[in-house]
Every structure is written in structure tokens, then in C-alpha cells.
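The next block holds one structure in the form of C-alpha cells; read it before the comments.
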Amino acid sequence: MRNRDAEQSGGTAAAGVIYLVATPLGNLEDITLRALRILGEVSLIACEDTRRTGRLLQHFRISKPLVSCHDHNEARRATELAERAAAGESIALVSDAGTPLIADPGYRVVQAAIDRGVRVVPVPGPSAAVAALSVSGLPSHDFAFKGFLPSKGAKRRAAIRSLERSDSSTVFYEAPHRILAAVADTCELLGGSRRIAIARELTKLHEEVLRGPAATVFESLSCRPSQKGEFVLVIGPRDDRKAALGEDGSGSTTATPSSAPDA
Ligand code: SAM
């Protein structure tokens with residue numbers, strides 16, 4: 001099958017384009033063939049952390065000029081990158097892991113590109129939110145992604161409380177030192193029987209998924225001396241309360257840790 005970039009540019013990344021390139025969350029095998037080709041063909045790669053992306057590129061034997069584009073310089077960089085693309089350069093934007101713009105920098109770059117009529121092309125791949133939802137065991141046909149839960153207690157509680165009557169699954173990113181508090185708030189505000197899932201260290205050595213009623217997941221987590229790694233919290237819809245109690249209403253559902261990844 002012919003691809004659009006190849007059609008437009010004889011097999012090399014098209015000039016005057018900004019590519020949004022997803023990179024692995026942990027397991028380097030998750031990089032796509034297209035991501036590797038585009039990263040190898042563009043004239044410039046904008047990334048959050050040049051050292052981190054440098055290591056990724058080195059692993060794949062790709063050598064390209066890198067410029068930083070992170071939360072603190074994105075406004076300035078956006079104009080610069082869009083203007084360079086408008087002048088004919090092909091540029092890839094990556095984040096530290098996963099899909100750029102998904103709780104990561106890049107929105108301003110895309111806006112600046114669109115404003116200047118520069119073509120923006122997605123090179124899709126991993127994202128922790130979608131990976132977590134897919135393994136959560138919670139309804140996935142209708143979901144909301146809310147980025148990071150607010151770090152302050154009152155705002156976090158308000159965000160969780162707002163899901164009381166939600167008919168969708170809701171996906172949050174959460175820091176390891178706050179995950180237990182977030183699950184405790186879920187128990188208190190939405191009830192201990194609300195079904196949730198916690199996906200930790202996806203695609204990495206210590207990958208784990210805890211699923212079940214919030215109270216059971218809280219119990220499993222709170223037994224640990226500390227919470228380590230990267231976490232996604234998925235809170236199921238209110239209608240799952242009945243399912244969480246089990247068909248016989250006995251409340252026998254338990255938190256089920258999943259196995260580690262196969263590679
Ligand atoms: N752009 C990324 C994406 O597409 O998933 C997300 C970047 S955001 C700054 C980082 C957060 O994503 C982490 O704090 C964690 O909540 C989640 N995350 C990233 N990698 C993860 C992993 N391997 N397992 C679980 N959660 C992960």
C-alpha cells in the first residue's frame with residue numbers, strides 16, 4: 001500500500017510539514033516503522049528533553065539535529081518551528097514518551113503551524129491513556145480522557161466527585177505519590193464498589209493492572225510500602241456498580257493483578 005508521504009515526496013518526509021511522532025512508553029519495540037522512517041528523514045526533531053530523545057535515536061542509529069520544545073519554551077519555539085516548516089523544512093515533534101500533545105507539549109506548535117498554513121501530520125503510536133483503557137476491563141466504547149488529576153486535594157476531589165453520575169469510563173494520569181490518595185477519594189466520593197482500574201508501568205518490566213471495586217484496589221495498593229512507577233487511573237461509569245457487586249450481588253469481585261508483559 002502506498003503511503004501519503006511517499007506519494008508526495010518520492011519516499012522522503014515531505015518538505016514544509018510538521019510530523020507529530022508517537023514514541024514508546026517503555027518497550028522500544030513499540031516504535032512504528034513509519035516513526036523510524038520519518039525520524040530518519042526529517043531535517044529537525046523537536047523534543048521535550050534532548051538527552052532522552054537523543055538516547056532513543058541512538059538506539060535506532062538515527063542522527064538528527066535536536067531542539068528542545070518543552071512546557072517552559074513552547075510559546076517561543078512554536079513560532080520558530082512553524083516558520084521553519086513554512087520555509088520548507090520537514091520537522092518531527094516528539095515528547096518524552098507516548099503521543100505528543102496528550103498531556104504533553106505541542107498544542108501551541110500545532111496552532112502556530114495551522115495559522116501559517118503548514119501541514120501537520122500525525123504519526124500515531126503508543127499513548128498510556130488508550131493502552132490503559134484497553135486493558136482496564138471497563139467500558140471502552142464511550143470514555144473521557146481528563147489528563148492529570150489536579151494535584152491539590154480540593155480540586156482533585158471535585159474532579160472525582162464530578163463523575164458521580166457519569167455514564168462513561170474516565171481516564172486520568174496520576175503521579176505515584178498521589179495515586180493512593182486518588183483511589184481513597186474515589187472510594188469516599190463515588191463509593192467503594194465503583195469499578196476502577198490502575199495501570200502501572202505499561203509495556204515495562206513491572207507492568208501491572210489492578211482491576212476491581214475501588215475499595216479492593218485501595219486495599220491492594222495500600223499494603224505496599226510505596227507506590228513506584230507511572231500510573232493511569234481509569235474510573236468506570238456509575239452503571240458498573242451493579243456489575244462490581246457480582247451477578248448474585250455478593251460483592252465477591254476482587255482486584256485482579258495482571259501478569260507482566262511478555263517482552
Ligand atoms: N504523552 C504521553 C502519552 O501519550 O501517554 C503522556 C505523557 S504524561 C506527561 C506522563 C504520564 O502518562 C505519566 O505520569 C503517567 O500517568 C502516564 N504514563 C506514561 N507512561 C506510562 C506507562 N508506561 N505506564 C503507565 N502510565 C504511563
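Order of listing sets the numbers, starting from 1, for every ligand and every atom in it. Keep in mind that what you see is a predicted model, and the values were worked out from it rather than measured. Basis for what follows: all heavy atoms, side chains included, without hydrogens, waters or symmetry-related copies.
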(request) Applying side chain to side chain contact (heavy atoms under 4.5 Å, CB included) between P126 and each of L202, T203, D30, report the one that passes. (result) D30
(message) Among all the protein's non-hydrogen atoms, which is closest to atom 18 (N) of ligand 1, and how far away is it?
(response) A128 CB, 3.5 Å
(message) Under a 4.0 angstrom heavy-atom cut-off, which atoms of ligand 1 come close to K204?
(response) 23 (N)
(request) For E174, counting its heavy atoms only, list the atoms of ligand 1 lying under 4.0 Å from any of them. (result) 16 (O)
(request) Write out the residue and atom name of the closest protein heavy atom to atom 20 (N) of ligand 1, then the distance separating them to 0.1 Å. (result) E230 OE1, 3.4 Å
(request) Could you list which atoms of ligand 1 come closer than 4.0 Å to a heavy atom of T99? (result) 1 (N), 3 (C), 4 (O)
(message) Among A175, S127, G147, which one puts a heavy atom closest to atom 3 (C) of ligand 1?
(response) S127
(request) Give the single entry among A97, G229, A103 that approaches atom 8 (S) of ligand 1 most closely by any heavy atom. (result) A103
(request) Would you mind finding which of F231, F148, F145, F172 brings a heavy atom closest to atom 15 (C) of ligand 1? (result) F231
(message) Could you identify the single nearest non-hydrogen protein atom to atom 6 (C) of ligand 1 and state the distance to 0.1 Å?
(response) I102 O, 3.4 Å
(message) So if I count the atoms of ligand 1 from 1 in the order they appear, which ones are less than 4.0 Å from some heavy atom of G98?
(response) 3 (C), 4 (O)
(message) Given 3.5 Å as the limit, does a donor-acceptor pair link the side chain of Y19 with the main chain of A13, or not?
(response) no
(message) Working to the nearest 0.5 angstrom, can you tell me the gap between R157 CZ and D185 CG?
(response) 5.0 Å
(request) Taking only heavy atoms of E201 into account, list the atoms of ligand 1 that are under 4.0 Å away from them. (result) 23 (N), 24 (N), 25 (C)
(message) Taking 4.0 angstrom as the limit and counting only heavy atoms of V232, give me the atoms of ligand 1 inside it, by number and element.
(response) 25 (C), 26 (N)
(request) Please write down residue, atom name and distance for the protein heavy atom closest to atom 24 (N) of ligand 1. (result) L202 N, 2.8 Å
(message) Testing V121, V110, V123 one by one against L20 for a side chain to side chain contact (heavy atoms under 4.5 Å, CB included), which residue passes?
(response) V110
(message) Any carboxylate oxygen within less than 4.0 angstrom of a Lys/Arg side-chain nitrogen, looking at E208 and R224?
(response) yes
(message) R37 vs E41, test: salt bridge (Lys or Arg N to Asp or Glu O under 4.0 Å). Steps then yes/no.
(response) CA-CA 6 Å; R37 180 175 64 79; E41 290 175 354; 2.9 Å; yes
(message) How long is the straight-line distance from CD of E174 back to OG of S151, given to the nearest 0.5 Å?
(response) 8.5 Å
(request) Would you give the length of the straight line joining atom SG of C69 to atom CZ of R108, rounded to the nearest 0.5 angstrom? (result) 9.5 Å
(request) Indicate, as side chain, backbone, both or neither, the part of A199 found under 4.0 angstrom from ligand 1 when only non-hydrogen atoms are considered. (result) backbone
(request) Give a yes or no answer on whether the side chain of S90 reaches the backbone of G16 with a donor-acceptor pair at less than 3.5 Å. (result) no
(request) Assess whether ring-ring contact (aromatic ring centres under 6.0 Å, His included) is satisfied between Y173 and F145, documenting all intermediate values. (result) CA-CA 9 Å; Y173 290 157; F145 170 61; 5.0 Å; yes
(message) Regarding ligand 1, does R200 bring an N or O atom to under 3.5 Å of one of the ligand's N or O atoms?
(response) no
(request) Write out the residue and atom name of the closest protein heavy atom to atom 7 (C) of ligand 1, then the distance separating them to 0.1 Å. (result) D104 OD2, 3.2 Å
(request) In plain terms, say whether R200 and E230 are close enough for a salt bridge, that is, a side-chain N and a carboxylate O under 4.0 Å apart. (result) no
(message) Below 4.0 Å, non-hydrogen atoms only: which portion of E207 touches ligand 1? Side chain, backbone, both or neither.
(response) neither
(message) Please check whether T203 reaches ligand 1 - meaning an N/O of the residue sits under 3.5 Å from an N/O of the ligand, judged on distance alone.
(response) no
